[in-house]
Amino acid sequence: MKISQYFKTSSKPFPSLEIVPPLSGVTRESINSVLDPLMEFSPKYINVTTHRDEFTYERLPEGTFARKVVRSRVSTVAVCASIQERYKVEVVPHIICAGNEAYEIESTLYDLKYLGIRNVMALRGDSLVGEKRFTPTPGGYTYASELVRAIRSFGNGDGEDFCIGVGGYPEKHFEAANLEDDILHMKAKVESGADYIITQMFFDNKVFYDFVAKCRAAGITVPIIPGIKPLSTLRQVRFLPESFSIDIPRELTSQIEEAKEDKQAIYEIGTLWCIAQCKDLLSHGVPAIHFYTMSRTDNIRKVLEECFR
Ligand code: FAD
């Protein structure tokens with residue numbers, strides 16, 4: 001079933017999950033152990049992220065260097081096929097522009113169609129490690145809006161093959177000059193054919209409510225689904241703002257400071273904060289909540305028990 005149908009037909013809000021493919025060399029048990037404890041909460045779909053290839057340079061005997069592709073994770077398509085088979089749930093593979101030529105993306109879409117996968121998330125992806133600005137791959141796409149258009153016109157061009165989700169940034173994408181411009185670029189993704197938006201994680205719901213209001217004022221009418229992650233370690237207080245260009249509210253950081261590096265206490269503070277965030281989002285009528293699991297389950301399970309039982 002297409003995800004857009006769930007938004008139209010579900011009588012109550014529901015959770016969805018996002019996982020990262022495991023490192024190459026492990027078996028499917030690694031993902032099953034993350035998902036098994038969460039499936040009783042009936043997530044309607046599970047997103048699987050995609051990570052661009054990285055490169056290393058090997059010195060050759062004659063003194064020159066050869067570039068070698070490093071593909072460190074199991075492929076998104078393989079993980080999707082395994083989840084679909086085991087749990088009979090919709091999967092949403094992420095398709096990224098970064099590092100891919102158009103024909104490679106088209107070939108992935110054929111693989112997905114072959115597997116009966118009718119939902120995708122279309123994203124630009126990020127720069128290579130060490131690269132300052134995103135550089136489009138020759139023969140590929142520069143912006144996610146172009147990718148959305150390409151997916152829409154895939155196959156016989158009737159636009160019916162895939163339901164397409166795209167990313168949104170309540171605190172602005174780090175490259176955008178301002179939030180208003182960023183929202184206009186997001187609107188271009190919807191006008192290119194995106195069916196719904198999932199947001200970057202945020203820890204202050206007011207930021208999300210303001211973002212949704214601005215999107216609606218800009219004429220964006222598709223569902224906007226909050227993306228949520230419970231904070232779980234002290235390290236994340238520094239790492240998450242740096243990696244995702246988001247703020248962590250002072251009220252939360254001061255609670256963590258008071259915990260004085262007690263790992264369990266910090267874990268519980270993050271989980272309780274997330275439960276309060278989700279209850280507030282549900283009371284404001286969101287149609288669904290998307291959980292970034294980052295392959296941790298205890299805290300997500302606790303949040304689901306409190307908010308979706
Ligand atoms: P775009 O929508 O293309 O926007 C990128 C930047 O370009 C923005 O600043 C935007 O304002 C600007 N822009 C857009 N169009 C134009 C235009 N026409 N002219 C000028 N500027 C423009 N990354 C991964 O690598 N793999 C994943 O699996 C993954 N999953 C994600 C899931 C979610 C829900 C989210 C929110 C993000 C995810 N990301 C993932 C991260 C994402 O790839 C990065 O944030 C990336 O930097 C931007 O992707 P985008 O699709 O939002 O890009």
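Please read all numbers here as calculations on a predicted model, not as lab measurements. Start at 1 and go down the list; that is how both ligands and their atoms are numbered. Count residues from 1 along the sequence.
Ring planes of Tyr143 and His185: parallel class, angle under 30° (limits at 30 and 60°).
The protein residues lying under 4.0 angstrom from ligand 1, judged by non-hydrogen atoms, are Thr49, Thr50, His94, Ile96, Met121, Leu123, Arg124, Gly125, Asp126, Tyr143, Ala144, Gly167, Tyr169, His173, Glu175, Ala176, Asp182, His185, Lys189, Ile198, Gln200, Tyr292.
Considering only residues two or more places apart in sequence or on other chains, Asp262 meets the salt bridge (charged side-chain N to carboxylate O under 4.0 Å, His left out) condition with none of them. Taking Glu257 as the reference, Arg250 meet the side-chain hydrogen bond (donor to acceptor under 3.5 Å, both in side chains) condition, with sequence neighbours excluded. Considering only residues two or more places apart in sequence or on other chains, Ser232 meets the side chain to side chain contact (heavy atoms under 4.5 Å, CB included) condition with Lys229, Gln236, Tyr267, Arg296, Asn299.
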Handout entry: Derivation and outcome, side chain to side chain donor-acceptor pair (under 3.5 Å), residues Tyr87 and Asp36
Key = CA-CA 9 Å; Tyr87 301 106; Asp36 280 355; 2.6 Å; yes
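Side chains of Ile95 and Leu109 form a contact here, defined as non-hydrogen atoms less than 4.5 Å apart.
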